[in-house]
Student: 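First the structure, then my questions, so here it is.
These numbers were taken from a predicted model, which means no experiment stands behind them. Letters A, B, ... are given to chains in the order of the sequence lines, protein chains preceding strands, and every chain is numbered from 1. Hydrogens, waters and symmetry mates play no part in the numbers below; they use all other heavy atoms, side chains included.
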Number of protein chains: 2
Amino acid sequence: MKISELSRTTGVPVASIKYFRRQGLLPAGKATAATLAEYGQEHVQRLRLIKALTTLGGLSIAAAREVLTAVDQAHSTESALGAVSYALPVPVAESPVGDADREAETGSAAEAEVEALIAAMDWQMPGTSPHVQGLTAALRELKRLDADYRPGELVAYAELARSAARLDLDRAATFDDDPVSLAEQAVIVFALSAPVLELLRRLAQEDQVRRRIAGGKPEPDTE
Amino acid sequence: MKISELSRTTGVPVASIKYFRRQGLLPAGKATAATLAEYGQEHVQRLRLIKALTTLGGLSIAAAREVLTAVDQAHSTESALGAVSYALPVPVAESPVGDADREAETGSAAEAEVEALIAAMDWQMPGTSPHVQGLTAALRELKRLDADYRPGELVAYAELARSAARLDLDRAATFDDDPVSLAEQAVIVFALSAPVLELLRRLAQEDQVRRRIAGGKPEPDTE
DNA sequence: AGCTACTGGATACCTTCAGTATCCAGTTAC
DNA sequence: GTAACTGGATACTGAAGGTATCCAGTAGCT
């Protein structure tokens with residue numbers, strides 16, 4: 001199909017398609033002539049994936065490109081998952097300011113905590129993993145706000161995270177029947193589960209708050 | 001302290017402090033004269049919170065304002081949590097395009113799924129909750145990518161979410177000794193746990209991937 | 001009283017991001 | 001032959017998140 005048709009079927013403006021192509025998110029169509037290219041079903045799929053990654057996953061164009069590149073170079077589900085995991089943006093920025101003394105002491109404390117956690121969970125981590133870095137930074141930030149986790153709390157959360165990860169991986173394993181878009185599915189599981197999980201947590205929080213407000217009093221009937 | 005001192009202690013440029021004040025994130029200092037205001041420790045704290053919310057929590061200025069407004073108007077931990085929960089941005093945007101037929105069928109399917117999930121979890125939800133809307137939209141999007149959850153999977157995730165929410169609420173309850181910044185702590189728990197949890201999940205995923213590549217045995221040992 | 005440093009407030013400006021729109025010259029299907 | 005369409009380049013837009021500048025009014029020191 002021509003680019004205009006691709007635009008029509010996906011609902012993405014032609015200009016945007018060109019933009020994504022320019023940004024390396026979307027492969028160019030098969031050129032049938034100097035000024036004409038043929039697009040296929042894979043482009044439709046890719047466009048959908050891009051849309052999902054950016055809107056649902058909240059990825060920037062640059063992050064999406066990295067993820068998609070990882071997808072294209074992956075030769076197995078695992079390698080795709082690994083690459084994607086590293087390509088996904090970590091939601092923590094280092095805060096370069098603040099008093100240096102406090103920084104130093106809380107900084108090393110956060111590091112030690114993360115190290116202890118990884119040991120407690122029996123995780124084998126390179127230490128250079130961006131996730132380790134990110135977690136350390138996040139804990140540092142929380143410490144600075146005097147809202148850090150008490151000993152054990154973090155482990156409890158980590159146990160939940162482990163369960164979630166098992167579900168994720170199991171889920172990824174069920175996609176084995178379609179090897180073509182296998183890596184894509186892996187991406188989806190990794191990148192797009194996060195918002196779903198977060199939403200679920202919010203829902204659960206909302207329910208918990210409601211219940212605890214009600215307190216010992218009898219359950220308020222639904223209207 | 002004067003605004004310049006506030007700037008020095010927090011590391012936030014004066015212009016930015018003014019900006020936050022203008023945006024309603026930071027209360028004005030107590031005016032000691034027409035062109036002079038006194039800032040206190042609460043401003044330092046607030047500035048830290050703003051920074052954490054925007055960098056760690058990834059909130060926009062507008063979202064942060066909403067959250068902070070909720071904090072200021074809260075009279076109990078629960079009301080703060082409730083307000084904050086709704087003020088936090090939901091990471092899903094409706095995709096208004098696509099073929100209408102498929103849209104209709106998957107759309108209602110997603111709705112039914114969410115409804116069933118809420119029933120299965122015994123959650124009492126208004127249905128108008130933005131989280132319900134968001135989850136529905138997210139599932140719709142995943143369906144469109146042919147990566148939707150199989151029956152039961154979602155429930156498993158929801159159970160994890162429930163556990164996490166319990167931990168969250170328990171955590172929030174331990175802050176009762178400092179009623180001044182109580183609402184702030186609640187915000188932190190709700191808004192800033194998300195990145196930590198997500199990071200933990202990534203860590204766990206990374207570990208899982210490593211184990212499954214190495215062992216070929218998808219069954220990790222229990223400790 | 002005079003001088004300088006600092007202030008709140010208003011406004012203008014800058015950079016990045018994610019698209020959109022325009023222009024162009026080369027096909028191509030009719 | 002011509003109207004429709006193309007890839008490619010470039011320009012533009014609008015929002016977001018700050019920064020920087022300008023201003024006249026003090027405060028505090030001398």
Student: Between A:Tyr86 and A:Glu66, is there a side-chain donor-acceptor contact under 3.5 Å, judged purely by atom types and distance?
Tutor: no
Student: Name the closest nucleotide to the B:Ile3 side chain, picking from D:dG7, C:dT7, C:dT20.
Tutor: C:dT7
Student: Can you measure A:Gln23 atom CD to C:dT20 atom P for me and round it to whole angstrom units?
Tutor: 13 Å
Student: May I ask you to decide if B:Val132's main-chain N or O and B:Thr136's side chain share a donor-acceptor pair within less than 3.5 Å?
Tutor: yes
Student: Can you tell me the distance, in whole Å, between the NZ atom of A:Lys2 and the P atom of C:dT27?
Tutor: 16 Å
Student: Grab the CG-C1' distance between B:Leu53 and D:dA16 for me, whole Å please.
Tutor: 17 Å
Student: Measure CG/A:Leu59 against C1'/C:dC17 and give the value in whole Å, please.
Tutor: 14 Å
Student: Could you check how far NZ of A:Lys18 sits from P of D:dT10, rounded to whole Å?
Tutor: 14 Å
Student: Send over the distance from B:Glu38 CD to C:dC6 C1', rounded to a whole Å.
Tutor: 13 Å
Student: Under 4.0 Å between a side-chain N or O of B:Arg21 and OP1 or OP2 of C:dG8?
Tutor: yes
Student: Given B:Arg202, which partner from the list B:Glu206, B:Glu198, B:Gln205 fulfils the side-chain hydrogen bond (donor to acceptor under 3.5 Å, both in side chains) test?
Tutor: B:Glu198
Student: State whether the side chain of B:His43 and the backbone N or O of B:Pro27 hold a donor-acceptor pair below 3.5 Å, judged by distance alone.
Tutor: yes
Student: Could you write out each protein N or O paired with an N or O of nucleotides 25-30 of chain D at a distance under 3.5 Å?
Tutor:
unit_1, atom_1, unit_2, atom_2, d
D:dG25, N2, B:Thr35, OG1, 3.4

Student: Could you state the interatomic distance from NZ (B:Lys2) to CD (B:Glu38), rounded to the nearest 0.5 Å?
Tutor: 9.5 Å
Student: Specify the residue among B:Ala37 and B:Arg22 whose closest nucleotide of DNA chain C lies further upstream toward the 5′ end.
Tutor: B:Ala37
Student: Between B:Thr9 (side chain only) and B:Leu6 (backbone N and O only), is there a donor and an acceptor less than 3.5 Å apart?
Tutor: yes
Student: From the list D:dA20, D:dG17, C:dA21, which nucleotide is the closest neighbour of the side chain of B:Ser60?
Tutor: D:dG17
Student: Compare side-chain N and O positions of A:Ser4 against OP1 and OP2 of D:dT6 and report whether any pair is under 4.0 Å apart.
Tutor: yes
Student: Among D:dG18, C:dT20, C:dA18, find the nucleotide with the atom closest to the side chain of A:Ile61.
Tutor: C:dA18
Student: B:Tyr19 side chain N/O closer than 4.0 Å to the phosphate oxygens (OP1, OP2) of C:dT11?
Tutor: no
Student: Check the distance between D:dA16's C1' and B:Leu25's CG and give it to me in whole angstrom.
Tutor: 13 Å
Student: State plainly whether the residues B:Arg8 and B:Glu5 are in salt-bridge range, i.e. N to O under 4.0 Å.
Tutor: no
Student: Nearest whole Å is fine: how far is D:dG17 P from B:Leu26 CG?
Tutor: 17 Å
Student: Checking contacts here: which listed nucleotide (C:dG8, D:dT19, C:dC6) is nearest the side-chain heavy atoms of B:Tyr39?
Tutor: C:dG8
